[in-house]
Amino acid sequence: ENPTKQLLFSIVKAPGCSSAVILGLFFPCSDESLFVYDCSSAEKQPLGEKGQDGKGTDKGSDDILAFAFSPSGDYFALTDDNKRLILFRTKPSWECVSVRFVNRRCTSLVITAAEDKIFVADKSGDVYSYSITEPQADGKLELGHVSLLLDVALSADDRYILTADRDEKIRVSLTKAPYSIVSYCMGHREFVSKILVIPNCPDLLLSASGDSTLRLWEYKSGEEVHCCQLSTICGPQATKPDQKFTVSRITYCCQGGYVAILCDSIPTVYIFQLDATARQLVYKEQISLKHKGWDIAFEEMGDLWILQEDKEAPLLLYRACDGQWKAVTDDKGLQKMSKYIQDNWTVFEGIFMQRMPGSVEHLHEAM
Amino acid sequence: MAAEEEEAAAPPQKRFYRQRAHSNPLADHTLSYPSRPQDMDWAALFPSFFPPDAAPGTAPARVEFVDVGCGYGGLLVALAERFPQTLAVGLELRGKVAAFTRARIRALRAARPGAYGNVACVRANAMKHLPHFFRRAQLSKLFLLFPDPHFKRTKHKWRIVSPAMLAEYGYVLRPGGLVYTVTDVPELHQWMLRHFGEHPLFEALPPAQLAAEPLLPLLPSVTEEGQRARRAGRAPNSAVFRRRPDPPAAAP
């Protein structure tokens, strides 16, 4: 596996001062530098260009809406509220490769394993591909849903492209022939917020939805193989009787098959383990947070990083010891990163007042 | 009790089912639809095709024809008569119109026991719900008769023919299955020809096969909209497209 795989937590933006800071932990190589990129310094689309319906381009903010690494970590792409798509190379060091413009604001993006294209899903339900080998080339329309797309994923071999929308559907199409739908994974009863192809069980797809379930699918046939009712498993901790468990973050670790999730408005990280043979998700334990959880990420070797809304301890590191997850405090990387956040706290304070990328709370249908 | 049944089985009168012609397919109507095709209770719609005493192991009957935007049911009635053994479903978004068509079929079934048991109308949003109702490659015929043209450019995404919808039609139709389109709006006809023509999963039926298509002559006049167009002197434009075989799922 790639020894210099990086972790990304989240993109933060401070109100009033438009800078975005990317936290990257370079691990385990000796270079411990941090890369900072100010998105507001990137070129903007020239004003005066009319949109399709004759209206002027609306002014967006520099909020970052979606981002992803390529599977090897060699490339990184992000898209923002100003409809920019920015591509970075991470080796031998981080540098910006290109800034392009997308037609509509995006909700999610994914980079192919072949590292030749970025697929971007937007708010009108369309997926566009953008070339990496030709980093200035225009986007190409690949497929469309009738409703808003919330997530896009690729199978490990790039053969299938999976798209999840606001109308409960997960569609599986051929990447080389995206007009050809291979299957639908039907079953969710509300918007599908997150989908993840399990890297070491490449026939399996994990999905999360506004219906408070996590589901496992054999996505080529569309068959649901496991449905996890979060209200049952995590229920006893619920503060309200009709508490919804809308997953806002999922992170997966091949080492051990661990799945960690964060739900909107719930200060707890829930940890599951994937039993690949039985094709089930087994609930393991939860990590209660004293503050709102902002993001979670697994490292390749199995350590779990948690970003939380607390100036004293913004970053937490957990490690599994004999199947139990315990906090680690003496890690140099943790201390260095925490100090950086504390030193730049005013930048991060902005998080708490704005909606994080990927938040879907507003999509619950009004009762 | 008998009087009530009689009332329920009487042919419905249009004046009680009037509704605005245009409907927004992107809005969240409160419609009920199954979570998945296997959850749909087709037996309730086609009781005569789901006998309780069916031999175990017999494959259940499946819908093969879908009329997208069936309106007041003119095509469904014609399909019932011509293909009495094939299940056909009409999808209609407008509540009152769907209610009318259901009442119409109920009345026809009551008037002629044993007939019209193979057609039904479901109030549904075809733009959002096709994969909820139908499995991959389930259908052999799909009808798009006089679809709403949604003239304004900003409303084009409400049109029932679009690249996104064509992928869905390609999914529910089996290879070799047919799509029939009819419209009295020349611009819409060109729009549909172009979209289906450009789509790799569809091909226009060659003229020889088109001439031999038994249903084609019937389609322009069998529906309310078609009759209205004819009375106004607007010529119908028809087309038939065939679902081509699947592309190979070759390795990248």
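All values derive from a computational prediction rather than experimental measurement. The figures that follow rest on heavy atoms only: side chains count, while hydrogens, waters and symmetry mates do not.
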So for atom [atom1], which belongs to [X], do other residues, nucleotides or ligands contribute more than 12 heavy atoms lying within a distance under 6.0 Å?
{"X": "B:Arg102", "atom1": "CZ", "value": "no"}
{"X": "A:Glu223", "atom1": "CD", "value": "yes"}
{"X": "A:Asp138", "atom1": "CG", "value": "no"}

Contact summary for [X] and [Y], nearest pair of heavy atoms:
{"X": "A:Gly144", "Y": "B:Ala164", "result": "O-CB, 3.1 Å"}
{"X": "B:Leu201", "Y": "A:Tyr179", "result": "CD1-O, 3.5 Å"}
{"X": "A:Ile181", "Y": "B:Arg136", "result": "O-NH2, 2.9 Å"}
{"X": "B:Ala167", "Y": "A:Arg171", "result": "CB-NH2, 3.8 Å"}
{"X": "A:Lys169", "Y": "B:His129", "result": "NZ-N, 4.5 Å"}

Practice problem: Could you give me the CA-CA distance, side-chain angles and deciding distance for A:Glu168 and B:Lys128, then say whether side-chain contact (heavy atoms from CB on, under 4.5 Å) is met? | Solution: CA-CA 10 Å; A:Glu168 306 137 31; B:Lys128 293 194 182 183; over 6 Å; no
Quiz item: How about B:Glu168 and A:Tyr184: does a side-chain donor come under 3.5 Å of a side-chain acceptor?
Solution: yes
Quiz item: So, A:Arg189 side chain and B:Ser35 main chain: donor-acceptor pair closer than 3.5 Å or not?
Solution: no
Quiz item: If only atom types and distance count, is the side chain of A:Lys176 paired as donor or acceptor with the main-chain N or O of B:Pro248 below 3.5 Å?
Solution: no
Quick check on [X] against chain A: is it the side chain, the backbone, both or neither that has a heavy atom closer than 4.5 Å?
{"X": "B:His199", "result": "side chain"}
{"X": "B:Tyr169", "result": "neither"}
{"X": "B:Pro131", "result": "both"}

Self-check item: Residues that A:Thr133 engages under side-chain hydrogen bond (donor to acceptor under 3.5 Å, both in side chains), provided they are two or more places apart
Solution: A:Ser131
